[in-house]
Amino acid sequence: MSADAPADRPIRHESGRRLAPPSLAGVPPEPGVAKPDPILVADHVSRRFGGLRAVDVDHLEVQRGTITALIGPNGAGKSTFFNLVSGFDKADTGTWSFEGRPLQGMSANRIARVGMVRTFQLTKALMRLTTLENVMLGATDQVGERFLPAILRPLWRSQEREIEARADELLERFKLTHMRDEFAGTMSGGQRKLLEMARAMMVQPSMIMLDEPMAGVNPALTQSLLGHIERLRDEGTTIVLVEHDMDVVMGVSDWVICFAEGRVIAEGCPQDIGTNDAVIDAYLGSRRSLPHEPEETTR
Ligand code: ADP
Ligand code: MG
């Protein structure tokens with residue numbers, strides 16, 4: 001740790017892994033640990049599918065203004081947890097609050113309106129909309145797939161100078177202006193991920209949840225996506241990210257929460273998590289590659 005590093009910047013361990021940012025300095029690396037300024041607090045959130053307990057989170061807090069990564073083997077419950085807290089699936093038990101406001105039982109749309117959004121993959125229907133229309137859809141409805149473009153278009157016309165202007169700003173920001181009037185279906189994998197982020201940003205969220213945003217993206221665009229994510233964090237947006245690539249996790253996250261079999265089994269800054277026995281066991285148990293070791297399998 002160097003003494004002259006700027007106080008507002010996360011500092012790296014000599015291993016290259018990040019240490020906790022100042023806002024999380026001194027928070028012990030313990031599962032379910034309390035944070036100084038949590039934006040999301042979840043208690044006893046569980047979800048069963050038949051006999052399988054997919055999510056069974058006792059307590060989880062996300063610190064405001066950080067990039068928090070959720071990691072864990074396949075099937076650990078990360079995506080289900082995202083779906084539960086964002087209102088896209090119904091929890092069997094539990095309470096959770098965002099900015100101090102209870103969210104359980106609230107629809108995904110209302111949750112988006114209070115500032116917590118998750119990204120969505122482009123479905124077939126959305127591929128037949130233009131890039132601009134896709135981004136504008138983010139302002140209209142977070143589950144836009146349910147609505148036919150034919151219904152939306154006249155609606156847009158009636159209100160939408162302002163929304164169009166905001167969408168254009170986001171296209172500019174995510175370097176997609178040249179694709180503005182092209183069908184989304186013509187985009188590369190990486191461009192689609194940028195579009196998904198732009199769409200989510202239309203509601204000006206204070207927290208954005210990204211489920212494997214780098215999946216299927218080439219390495220050059222991965223860097224650019226990471227740059228966008230860091231910039232959003234630096235501007236004050238809280239980011240929660242599910243990510244498999246440990247180099248990405250270790251390089252970009254301020255804090256890492258590890259799931260296994262539906263539970264939080266470890267948390268800490270990347271430096272702590274990279275040497276955490278419970279994390280290593282979880283990955284070994286699932287025969288996935290360890291952080292910073294060669295991939296056993298290709299995805
Ligand atoms: P992760 O995102 O960590 O890979 P998931 O949250 O997708 O894990 O899945 C957790 C567990 O729940 C897995 O065993 C998965 O098969 C199961 N699961 C997820 N969604 C459903 C569903 N809709 N119906 C039945 N089982 C499901
Ligand atoms: Mg998943």
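First listed ligand is number 1; within each ligand, the first listed atom is number 1.
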**Item:** Qualifying side chain to side chain donor-acceptor pair (under 3.5 Å) pairs, either residue in residues 23-46, two or more places apart
**Value:** K35-E267, D37-R64, D43-H59, H44-D58, S46-T93
**Request:** Around the Mg ion (ligand 2), list the protein N/O/S atoms within a radius below 2.8 Å, excluding water molecules.
**Result:** S79 OG
**Asked** Is there a path of hydrophobic side-chain contacts, each under 4.5 Å between heavy atoms of I, L, V, M, F, W or Y residues, that connects V33 with I71?
**Response** no
**Complete:** dist T80:OG1 -> R53:CZ (nearest 0.5 Å) comes out at 13.5 Å
**Asked** What is the distance from atom CE of M116 to atom CZ of R110, rounded to the nearest 0.5 Å?
**Response** 13.0 Å
**Item:** S97 side, atom OG; L40 side, atom CG - distance, nearest 0.5 Å
**Value:** 7.0 Å
**Request:** Using a strict cut-off of under 4.0 Å between a residue heavy atom and any atom of ligand 1, list the qualifying protein residues by chain and number.
**Result:** F49, L52, A54, P73, N74, G75, A76, G77, K78, S79, T80
**Item:** Distance-minimising heavy-atom pair for M179 and T131
**Value:** O-OG1, 2.8 Å
**Prompt:** Do T119 and I208 come close enough that some side-chain heavy atom pair is under 4.5 Å?
**Reply:** yes
**Counterpart residues, ring-ring contact (aromatic ring centres under 6.0 Å, His included), relative to F98 (two or more places apart)** = none
**Asked** Is R166 paired with E169 through a side-chain N to carboxylate O contact shorter than 4.0 Å?
**Response** no
